[in-house]
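Each remark here refers to the structure printed beneath this line.
Below, each value reflects all heavy atoms present in this structure, side chains not excepted, and no hydrogens, waters or symmetry copies.
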Amino acid sequence: MYDYQKTKTKLLTISLIFISFFGFSQSKEINIEFIGNCGLYMTDGLTNIYTDFPYKSGAHNYMEFDESELDSVKENSIFIFTHKHSDHYSKKNLKKIIKEKGGEQFGVSNISDLEKLNNTINDFEIKAFKTEHKVFGVSFKHYSFLISWHGKRIYLSGDTTNPETMGKVKNIDWAFVPYWILNNAKEQGISIDAKMYFIYHLFPEQIPSAKAQLKEVENMHPLTDQGEILTLKY
């Protein structure tokens with residue numbers, strides 16, 4: 001006997017799934033969540049990328065994060081690190097995440113493997129630039145990244161202090177930089193070609209002054225609220 005109600009329910013479920021998927025895939029936006037320090041979660045709804053996260057919570061007196069942040073990491077994500085200082089990278093936390101949820105790690109130890117992402121992620125390209133990072137006069141391996149995704153160009157400077165490399169990159173849509181990069185660029189007369197600057201890697205005590213100084217600057221936004229989501233439409 002034909003079960004009209006059962007068939008109707010199945011068709012409705014299938015329709016909702018289709019509409020949900022179609023609508024999500026047509027959203028045409030990249031969402032970027034600020035986790036803390038230089039830690040970002042980026043997604044276009046299909047691919048999940050974490051940069052400089054997980055790190056060690058509270059390392060070097062920088063931002064802490066709740067343990068639930070590790071639990072919320074998406075399965076089979078991509079993890080990209082500028083360098084391995086503990087306020088950007090935690091071997092312990094990353095090992096736990098990858099064991100439980102899978103994923104791939106890219107950083108100073110396998111930077112050449114980053115190119116394969118250009119072939120596996122839709123409408124995506126990433127370029128790595130070896131950039132200077134010194135602590136008390138000692139140099140550490142460090143890379144900055146230019147991500148071109150759905151026609152949008154996103155630059156991640158990490159901890160580098162030298163703005164020269166970034167100054168050579170043109171047509172940046174969003175630049176994620178620490179405040180010292182902009183100060184150094186100004187002092188050295190280096191022009192940076194970016195439409196919008198997001199200032200990250202602030203000490204907690206620097207947040208009030210960052211908010212006060214930048215609140216009237218049209219193309220600069222300090223990342224002070226962990227969990228804030230930025231939307232870049234393409």
Side-chain angles (χ1 to χ4, degrees), residues 30-43 47-111 113-114 117 126 128-136 138-147 154-161 174-181 197-207 210 221-230:
I30 299 168
N31 288 314
I32 303 177
E33 178 186 353
F34 175 58
I35 301 174
N37 298 347
C38 292
L40 303 171
Y41 163 55
M42 312 170 67
T43 184
T47 301
N48 300 303
I49 299 173
Y50 291 84
T51 63
D52 280 356
F53 185 83
Y55 60 85
K56 181 180 178 182
S57 180
H60 307 300
N61 296 316
Y62 279 104
M63 291 183 175
E64 299 179 358
F65 60 84
D66 193 87
E67 189 73 18
S68 62
E69 197 68 55
L70 298 176
D71 298 329
S72 69
V73 169
K74 307 299 181 184
E75 292 187 358
N76 299 312
S77 292
I78 295 165
F79 301 89
I80 301 172
F81 297 92
T82 58
H83 63 301
K84 288 191 172 182
H85 284 159
S86 57
D87 52 330
H88 296 257
Y89 170 85
S90 167
K91 181 178 180 179
K92 178 183 176 182
N93 288 337
L94 182 63
K95 184 178 180 180
K96 178 178 183 290
I97 289 172
I98 290 181
K99 181 180 178 181
E100 295 176 355
K101 301 188 177 186
E104 294 181 277
Q105 171 191 356
F106 300 94
V108 296
S109 59
N110 65 340
I111 203 70
D113 293 338
L114 264 178
L117 294 178
I126 183 167
F129 303 95
K130 191 173 184 179
T131 43
E132 184 179 80
H133 180 39
K134 286 185 178 181
V135 179
F136 301 118
V138 179
S139 294
F140 293 87
K141 275 190 175 181
H142 182 287
Y143 288 87
S144 300
F145 303 103
L146 175 65
I147 295 174
I154 303 166
Y155 192 92
L156 309 173
S157 71
D159 260 5
T160 185
T161 55
W174 282 9
F176 289 83
V177 296
Y179 66 90
W180 57 77
I181 276 284
Y197 299 90
F198 293 93
I199 313 302
Y200 64 179
H201 211 4
L202 295 163
F203 281 113
E205 58 267 28
Q206 291 177 316
I207 289 175
H221 178 74
L223 291 175
T224 58
D225 299 321
Q226 291 170 267
E228 180 179 4
I229 297 176
L230 313 167

message: Is there a side chain to side chain donor-acceptor pair (under 3.5 Å) between N48 and T43? Walk through the geometry before answering.
response: CA-CA 5 Å; N48 300 303; T43 184; 3.1 Å; yes

- request: Look at the rings of H133 and F140 and say which category their plane angle falls in: under 30° parallel, 30 to 60° tilted, over 60° perpendicular.
  value: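 It falls in the tilted class, 30° to 60°.
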
task: Kindly assign one of parallel, tilted or perpendicular to the pair F65 and Y55, based on the angle between their ring planes and the thresholds 30° and 60°.
output: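 Geometry flag for Y55 against F65: perpendicular rings.
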
To the nearest 0.5 angstrom, please state how far the [atom1] atom of [X] sits from the [atom2] atom of [Y].
X	Y	atom1	atom2	value
Y200	D159	OH	CG	8.0 Å
Y143	F106	OH	CZ	14.5 Å
I97	K99	CD1	NZ	13.5 Å
I181	Y179	CD1	OH	11.5 Å
L146	S157	CG	OG	12.0 Å

Which atoms form the tightest heavy-atom contact between [X] and [Y], and what is the distance?
X	Y	answer
L156	I147	CD1-CD1, 4.0 Å
P222	L202	CB-CD1, 4.4 Å
S90	K56	CB-N, 3.7 Å
T224	M63	O-CE, 4.2 Å

field: Side-chain donor or acceptor of E69 paired with backbone N/O of P54 under 3.5 Å
entry: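 No: the side chain of E69 does not pair with the backbone of P54.
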
- request: Verify, without hydrogens or angle tests, whether D52 (side chain) and G158 (backbone) share a donor-acceptor contact under 3.5 angstrom.
  value: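 A pair under 3.5 Å: no.
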
State, yes or no, whether a side-chain contact exists between [X] and [Y] at a heavy-atom distance under 4.5 Å.
X	Y	result
T161	W180	yes
E228	H221	yes
I98	K95	no

- prompt: Under the side-chain contact (heavy atoms from CB on, under 4.5 Å) criterion, do Y41 and I35 qualify, and how do the steps go?
  reply: CA-CA 7 Å; Y41 163 55; I35 301 174; 4.0 Å; yes

- prompt: Between Y50 and I80, is a side-chain contact (heavy atoms from CB on, under 4.5 Å) present by the stated rule, with each step listed?
  reply: CA-CA 6 Å; Y50 291 84; I80 301 172; over 6 Å; no

- prompt: Step by step, would you call H142 with H85 a ring-ring contact (aromatic ring centres under 6.0 Å, His included)?
  reply: CA-CA 10 Å; H142 182 287; H85 284 159; 8.7 Å; no

query: Do the two ring centres, one from F53 and one from F81, sit under 6.0 Å apart?
result: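 For F53 and F81, the ring centres are not under 6.0 Å apart.
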
query: Between H201 and Y62, does the ring centre distance come in under 6.0 Å?
result: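 That pair passes the under 6.0 Å test.
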
message: Evaluate I154 against I32 for side-chain contact (heavy atoms from CB on, under 4.5 Å), listing each step before the verdict.
response: CA-CA 11 Å; I154 303 166; I32 303 177; 4.2 Å; yes

task: Could you walk me through whether W174 and Y155 pass the ring-ring contact (aromatic ring centres under 6.0 Å, His included) test, one step at a time?
output: CA-CA 6 Å; W174 282 9; Y155 192 92; over 10 Å; no

query: Among side-chain atoms of T131 and S144, is any donor-acceptor pair under 3.5 angstrom?
result: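 There is such a pair (donor and acceptor under 3.5 Å, judged by atom type) between the side chains of T131 and S144.
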
task: Decide whether H88 and N37 meet the rule of one side-chain donor and one side-chain acceptor closer than 3.5 Å.
output: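 No, because no side-chain N or O of H88 sits under 3.5 Å from a partner of the opposite role on N37.
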
- prompt: Testing I111, V108, T82 for side-chain contact (heavy atoms from CB on, under 4.5 Å) with K141, which one passes?
  reply: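 The passing option is V108.
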
- prompt: For F34 and D225, what are the C-alpha separation, side-chain angles and deciding distance, and is it a side-chain contact (heavy atoms from CB on, under 4.5 Å)?
  reply: CA-CA 8 Å; F34 175 58; D225 299 321; 5.9 Å; no

message: Looking at K101, I'd like to know if its NZ atom is crowded, meaning that more than 12 non-hydrogen atoms belonging to other residues, nucleotides or ligands lie closer than 6.0 Å.
response: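 Result for NZ/K101: enclosed.
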
query: Within a radius of less than 6.0 Å around CD of E205, do more than 12 heavy atoms belonging to other residues, nucleotides or ligands occur?
result: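 More than 12 within 6.0 Å, yes.
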
